[in-house]
Amino acid sequence: MPRASNSHPKRTTKSAGNAAENRALMEANSRLEGQINELRTQLQAAQTQATATAATAAPTTPTIVPRPTGEHGRNWNLLRELEKYDVSRREYNHMLAEVRDSAKMARLDRTLVYRAQDPIKVAQVFGAMRSKFPILKRFRSDWATAEMLKQCLKNWRSKAKALGDVPESSGSDSNTVNNNTQANNGRVWSPEI
């Protein structure tokens, strides 16, 4: 029996040392598990934020808007068409004013119809409008700007006719269109997307 008592105190000391070591390891393990959980939470938050940022910053290809069928003013209204793309009445009126100003700066002939205008000058108006109103880039072949410009030119001609500054047939016959095409060295303007 003395042997058993001799071996037992050594085991007790060894067990007490192991228990203290186990407690220290368990405490360190708990701290590390807490740190791991905290890092997982931070990682999830960062991934959620990155996903949200990527979703808002992802370049979306804007849809190209085709011209409505029919005639402007008879079958459809330009303002109503632009409102479908979040253009307010105030923005629309601002666009009309800018088309007028751009047409003046490009020195379009106020007595000629749209088709008889110098295509280079018309292209300048389109470029100016696209730079001032990026939403207009979405409209295929600048049809929205073209309709605003046609309206502007029509109003100018009507005013000039009322004042007696322009003969009734000015700019509306096909000879004027053909003469203008010849004046532009045979170039016929065709808007691009």
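By convention here, the first residue in the shown sequence is residue 1.
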>> Please report the interatomic distance CD(Gln124) to CE(Met129), rounded to the nearest 0.5 Å.
In response: 14.5 Å
> Taking only residues at least two apart or on different chains, which pairs with a member in residues 63-84 satisfy salt bridge (Lys or Arg N to Asp or Glu O under 4.0 Å)?
Replying inline: Arg67-Glu147, Glu71-Arg74, Arg80-Glu83, Glu81-Lys84
> If you look at every heavy atom in His94 and Phe133, which pair is closest and at what distance?
Replying inline: CD2-CZ, 3.2 Å
> What pairs with Tyr85 under ring-ring contact (aromatic ring centres under 6.0 Å, His included), at least two apart in sequence or on another chain?
Replying inline: Phe139
> Looking at Trp76, Phe126, Tyr114, which one forms a ring-ring contact (aromatic ring centres under 6.0 Å, His included) with Trp143?
Replying inline: Trp76
> Crowded around Gln44 CD? As in, over 12 foreign heavy atoms under 6.0 Å?
Replying inline: no
> Between Arg157 and Val113, what is the shortest heavy-atom contact and its length?
Replying inline: NH1-CA, 3.4 Å
> Rounded to the nearest 0.5 Å, how far does OG1 of Thr145 lie from CZ of Arg130?
Replying inline: 7.5 Å
> When you measure from the side chain of Glu91 to the backbone N and O of Ser88, does any donor-acceptor pair fall under 3.5 Å?
Replying inline: yes
>> I need the minimum non-hydrogen distance between Met95 and Val87, along with the two atoms involved.
In response: CE-CG1, 4.0 Å
> Once you round to the nearest 0.5 Å, how far does NE2 of His72 lie from CE of Met148?
Replying inline: 9.5 Å
> Where do Thr63 and Arg138 land on the side-chain hydrogen bond (donor to acceptor under 3.5 Å, both in side chains) test, with the steps shown first?
Replying inline: CA-CA 7 Å; Thr63 57; Arg138 296 177 63 185; 3.2 Å; yes
>> Given Gln117, which partner from the list Leu153, Leu149, Val125 fulfils the side chain to side chain contact (heavy atoms under 4.5 Å, CB included) test?
In response: Leu153
>> Can you confirm whether more than 12 heavy atoms, excluding those of Lys104, are under 6.0 Å from its NZ atom?
In response: yes
> Distance from Ile36 atom CD1 to Thr41 atom OG1, nearest 0.5 Å?
Replying inline: 12.0 Å
>> What's the separation between atom CG in Leu39 and atom CG in Leu43, rounded to the nearest 0.5 Å?
In response: 8.5 Å
> Run the side chain to side chain contact (heavy atoms under 4.5 Å, CB included) check on Thr69 and Asn75 step by step: do they pass?
Replying inline: CA-CA 8 Å; Thr69 56; Asn75 302 100; over 6 Å; no
> For the atom pair CG (Asp109) and CG (Asp118), what is the distance rounded to the nearest 0.5 Å?
Replying inline: 10.0 Å
>> Please enumerate all residues that pass side-chain contact (heavy atoms from CB on, under 4.5 Å) together with Glu33, with sequence neighbours excluded.
In response: Asn29
>> For Glu98, is there any backbone N or O sitting under 3.5 Å from a side-chain donor or acceptor partner on Lys132?
In response: no
>> More than 12 heavy atoms of other residues, nucleotides or ligands under 6.0 Å from NZ of Lys159: yes or no?
In response: no
